[in-house]
Structure formats: C-alpha cells, structure tokens
Amino acid sequence: MTRLKVGIAGCGLVTQVEHLPNLINLPKLFEVVAIADPSATVREALSARHGLRAFVSATEMMAAGLDAIVIATPDSYHADLAVAALERGLHVFSEKPLAYNTADIARIIAARDKAGRVMQVGYMKRFDPAYLMLCDLLHTVDGPLRAVTVDVLDSGSDPFVAHHDMVVGTDVPKALIEEGAARRAAQVKVALGTDADPLVTRGFSGPYSSSLVHDLNVVQGLLDAAGAKMGKPVGAAFIAGNSGGYLSAKLDPTDGLVTMTWMATPRLAYYCERISMVFDDRNFELRFPSPYLNHHLTELIERRANGLALEEIRHRPSYAEPFVEELKAWHAAIVDGAPVVNTAEQAATDMGLFATFAKLALAK
Ligand SMILES: NC(=O)c1ccc[n+]([C@@H]2O[C@H](COP(=O)([O-])OP(=O)(O)OC[C@H]3O[C@@H](n4cnc5c(N)ncnc54)[C@H](O)[C@@H]3O)[C@@H](O)[C@H]2O)c1
C-alpha cells in the first residue's frame, strides 16, 4: 500500500479537531509532513507538537516533496490553492465550499483533468453510515416521495470543541484578513452576477455556502437513491440579519417539495440537523450530531404504517466516523483508482443551485 506524503494548508478548527489527528491516525495510508498557516502561533505549536515542517505560504509548502494536499483554509482561497496544487501534480482534498462560484470550480476541473490527479471535496456526510444505509433503504421504497424537509439549528462549534487543546492564532496579519474578505466579496459577486451588499455576501457565503451546502449535497444523494431530483426553485430568503438561510424547490417528477432552513443560534449551546423524507406510508429521518463530535451516531429513524399502528425502527449501522472514512476514500481514489465519491462536478451543481436560490431571494 502506498503511503502518501501530505501537507495541510490552513490549520484552524477543522484541521486541529479532524484532519490532522485523523491523518496521523491512518499511518499506513498517510504521512503528514508539512503544514502551512499564516499564524506563527499556530505553525509553531503544531509543528512542535507533531514534528512537522511549517510554512507561512501554502504554495511554498507545495514544493516540499508532497504527494497530496489537504486544503482547509478560509473558503475564498480554496480554488486558487487547488489549481496551484493540481498544476504541481499533487492530489487534492479541499474542504467545502470548493468555491463560491462555478467559474472557479470550472478552473479546478480543467486543472484536474490536465494533471490527471484526484480532486475530492470534503462532503464528509456522504460517508456517514446512516446516510449510506438510508440510500440503501430508499432503493426499496415504492410510491412517490412527497416531501423532503431539512432544518438546522447551529450554535457554532464552541460547545463541541471547548474540551480540545486547540491553538487559536490571533496573529494572522490584518492585511491578509482584509484580503480574504475582499476575495470573498469578489467571488460572491461573480456567483450572483451583481454587487451584493455585505449582508447578502454574508448570507450567501455563510448560511448557504458554508452550512446548507452539506445538506444540499446530501439531499441530492438521497434524491438519486429515491429516483427523484430537485426541480424548479420556488422560494429563497436570507433571514435573521442574514445569519440564517431558507430555500425551497419542487421535487421532480412528483408534485412534492424540498425545503431547507438553517439558523445560527450562537447563544444556545445546541446543535440539531434533521433531514426528513416523507412517503405516503413511510417516513425516514436522519439526525446529525455536531460534526465535531467524533463517533457520535447520526440517528436514522424509519417509521412505517401498520394499519393504524406505527412501527418505528432505529437503525445503527456502524460507529465509523465520516471524517475518517472520507480520508480513506481519498487514499483509495489516489492509490487504487477507486471512483471519487465527492467530485468537483457535484460542487459545481451545489454552487450553481445556491446562485439560483440567492438570485431568487434578491429578486424579492
Ligand atoms: N467539513 C466540515 O464539516 C467543515 C467544518 C469546519 C470547517 N470546514 C471548512 O474548512 C475550512 C476551514 O474552516 P475552519 O473552521 O478550520 O476555519 P478557521 O478559521 O478555524 O481556520 C482557518 C485557518 O486557515 C488559516 N489561513 C488563513 N488564510 C490562509 C492561507 N491563505 N493559507 C493557509 N492558511 C490560511 C488561518 O490562520 C486559520 O488557522 C473552511 O473552508 C470551512 O468551510 C468544513
């Protein structure tokens, strides 16, 4: 088995809680050799802790003899770093959103195809055992899908990571923070085809692209399994000072509806993410825990009619951790040529849909 030399660009929350420990815990598959982060505090602490070469610049790190790179920087750097890495012949795993607009994703796809390297997007919920089991169950259901509802209350990560020994860098140069914000605004402008006010940029980049992107992606996988598709968008809004997002679309081919709502609840230490699929005589519900709680089960509840009675089954397929499974799949795609599960094309579909919904929200 080929052990891949990996560098990680961006060493904040998701790297420290998930990618770095998970890569280190897969020593037959990966050797983490380098990290890159503009914060000296973060670089020094992590490189001392794990014996890694540390770089200020992710592009300089790419020349350090890597086979592959994990990109976990702020969103607006994903596209440029992915293209630069592919052009250097590296395999890429990029966090979501892969980019804010489809033009940037098209650049990544072109670079991937030219380089012939693997490009995988960090939609880890597609590796969740409960999601995979629901896909299997959906293949067995007869009858039309009436509705898909998604509702998320997200307190943010603090309650779920406070027990970790995280290093937070308050020393990222101010100019870089400003550059990141300007890049975000410019990239959202390309997505929407117009100058968005800062609140809309926030609604598009936060509730939609950073959060609901997981649900939009997962729902499309579930619809595939159920033989349905997202149809015409019918509603969209940024809510609660654009710290929340809502969208709805017709289901194709039935007359059903998909609705999704995401709300930030920073003063309520509670995380709830539910996807419910409604058929005439069956209902399936996925309840995801905060993503940072490793090996916490996603609940899969199946409800079936039995005359006037109800049968409720709680499935527990496995304790496998989606954040670990996605890395194993990335390795298998690189080394064994296994199909990439989460492609840049999927990301392009997701971000194209968000642009359509955001334009609908703005038109109202
Ligand atoms: N899959 C998931 O569930 C999940 C969860 C959290 C975050 N994410 C994604 O991961 C990415 C990082 O999120 P986070 O919560 O870890 O953010 P964070 O702000 O905690 O960390 C980002 C890190 O990147 C560094 N950085 C900034 N600019 C950089 C650059 N140009 N090159 C290299 N490093 C740079 C910062 O100093 C910081 O350490 C985001 O795209 C986010 O959407 C995904």
Side-chain angles (χ1 to χ4, degrees), residues 7-22 34-47 54-62 69-82 84-85 92-100 104 120-128 152 154 156-158 160-161 164 166-184 187 204-215 217-218 262 271 273 288-294 296 298 321-327 330 342 347 350-351:
I8 307 177
C11 296
L13 172 69
V14 78
T15 289
Q16 292 186 46
V17 175
E18 298 295 347
H19 299 318
L20 181 55
N22 292 339
I35 52 168
D37 199 288
S39 159
T41 313
V42 168
R43 281 197 311 275
E44 282 159 22
L46 295 187
S47 101
F55 293 82
V56 181
S57 142
T59 37
E60 276 171 32
M61 178 182 74
M62 289 175 198
I69 185 168
V70 168
I71 299 173
T73 59
D75 306 343
S76 63
Y77 292 92
H78 293 178
D80 283 353
L81 290 178
V92 175
F93 174 98
S94 171
E95 264 306 341
K96 42 47 65 175
L98 180 55
Y100 289 131
D104 277 342
Q120 183 176 315
V121 185
Y123 292 132
M124 78 293 183
K125 288 186 199 308
R126 289 260 187 161
F127 295 92
D128 190 309
V152 190
D154 189 343
S157 56
D158 287 355
F160 312 105
V161 301
H164 286 282
M166 278 195 36
V167 190
V168 179
T170 50
D171 51 353
V172 175
K174 191 163 165 268
L176 189 64
I177 293 172
E178 287 168 1
E179 180 196 90
R183 289 170 70 99
R184 183 172 62 224
Q187 292 167 15
F204 184 83
S205 60
Y208 273 13
S209 307
S210 191
S211 300
L212 273 178
V213 72
H214 279 299
D215 303 288
N217 184 269
V218 154
W262 182 91
Y271 186 91
E273 180 174 6
F288 295 94
S290 160
Y292 308 107
L293 295 175
N294 292 332
H296 273 235
T298 296
E321 168 54 44
F323 273 118
V324 174
E325 297 307 305
E326 68 178 355
L327 293 176
W330 183 44
N342 294 324
D350 297 339
M351 300 317 293

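Ligands are counted one by one from 1 in listed order, and the atoms in each one are counted from 1 as well. None of these values were measured; they are calculated from a predicted model.
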Using a 4.0 Å cutoff against the non-hydrogen atoms of F323, which atoms of ligand 1 qualify? 1 (N), 2 (C), 3 (O)

Would T15 count as a polar contact of ligand 1, with the cut-off being nitrogen or oxygen pairs under 3.5 Å? no

Part of C11 within contact of ligand 1 (heavy atoms, under 4.0 Å): backbone

Dump the intermediate steps for side-chain contact (heavy atoms from CB on, under 4.5 Å) on V92 and I71, then the final yes or no. CA-CA 7 Å; V92 175; I71 299 173; 3.8 Å; yes

Tell me the protein heavy atom at minimum distance from atom 20 (O) of ligand 1, and give that distance in Å. L13 N, 2.9 Å

Do any heavy atoms of Q16 fall under 4.0 Å from ligand 1? no

Interatomic spacing from SG in C11 to CE in M166 - rounded to 0.5 Å: 11.0 Å

Please report which non-hydrogen protein atom sits nearest to atom 25 (C) of ligand 1, along with the residue it belongs to and the distance in Å to one decimal place. D37 OD2, 3.2 Å

Could you tell me the separation between the CG atom of L327 and the CG atom of N22, rounded to the nearest 0.5 Å? 6.0 Å

Which of the atoms in ligand 1, numbered in the order shown and given with their element, are less than 4.0 Å from a heavy-atom of H214? 1 (N), 2 (C), 3 (O)

Non-hydrogen atom of Y292 closer than 4.0 Å to ligand 1: yes

Residues at least two apart in sequence or cross-chain that pass side chain to side chain contact (heavy atoms under 4.5 Å, CB included) with D158, listed by chain then number, are none

Out of P74, G156, G12, the nearest non-hydrogen contact to atom 24 (O) of ligand 1 is supplied by P74

In short, V172 meets P38 closest at the heavy-atom pair CG1-CG, 4.2 Å

For the residue pair M62 and L81, establish whether any side-chain heavy-atom pair is separated by less than 4.5 Å. yes

Any atoms of ligand 1 less than 4.0 Å from a non-hydrogen atom of G122? List them with their elements. 1 (N)

Whether D350 and K96 form a salt bridge (side-chain N of Lys/Arg under 4.0 Å from carboxylate O of Asp/Glu) is what I want to check. no

Does any N or O atom in Y77 lie less than 3.5 angstrom from one in ligand 1, N or O only? no

For M124, counting its heavy atoms only, list the atoms of ligand 1 lying under 4.0 Å from any of them. 1 (N), 3 (O)

With a cut-off of 4.0 Å, which atoms of ligand 1 are near a heavy atom of H78? 41 (O)

Checking heavy-atom distances from atom 16 (O) of ligand 1 to each of T170, V17, V14, I8, the winner is V14

Shortest protein contact, atom 12 (C) of ligand 1 (heavy atom only): A72 O, 3.2 Å

Select the closest option to atom 26 (N) of ligand 1 among P291, G10, P38, judged by heavy-atom distance. P38

If you scan protein heavy atoms around atom 44 (C) of ligand 1, the nearest is E95 OE1, 3.1 Å

Who passes side chain to side chain contact (heavy atoms under 4.5 Å, CB included) against D154, sequence neighbours left out? V152, W262, Y271

V172 touching ligand 1 at heavy-atom level, < 4.0 angstrom: yes

Audit row: M124, H214, side-chain contact (heavy atoms from CB on, under 4.5 Å) steps and yes/no: CA-CA 8 Å; M124 78 293 183; H214 279 299; 3.5 Å; yes

So the atoms of ligand 1 within less than 4.0 Å of a heavy atom of D75 turn out to be 40 (C), 41 (O), 42 (C), 43 (O)

On a heavy-atom basis, I'd like to know which of L176, T73, T41 is closest to atom 32 (N) of ligand 1. T73

Apply the test side-chain contact (heavy atoms from CB on, under 4.5 Å) to residues M351 and V213: give CA-CA distance (whole Å), side-chain angles for both, the deciding distance (0.1 Å), then the verdict. CA-CA 8 Å; M351 300 317 293; V213 72; 4.2 Å; yes

Aromatic ring proximity, centroids under 6.0 angstrom, H19 and F93: yes

Backbone N/O of Y123 and side chain of N342: donor-acceptor pair under 3.5 Å: yes

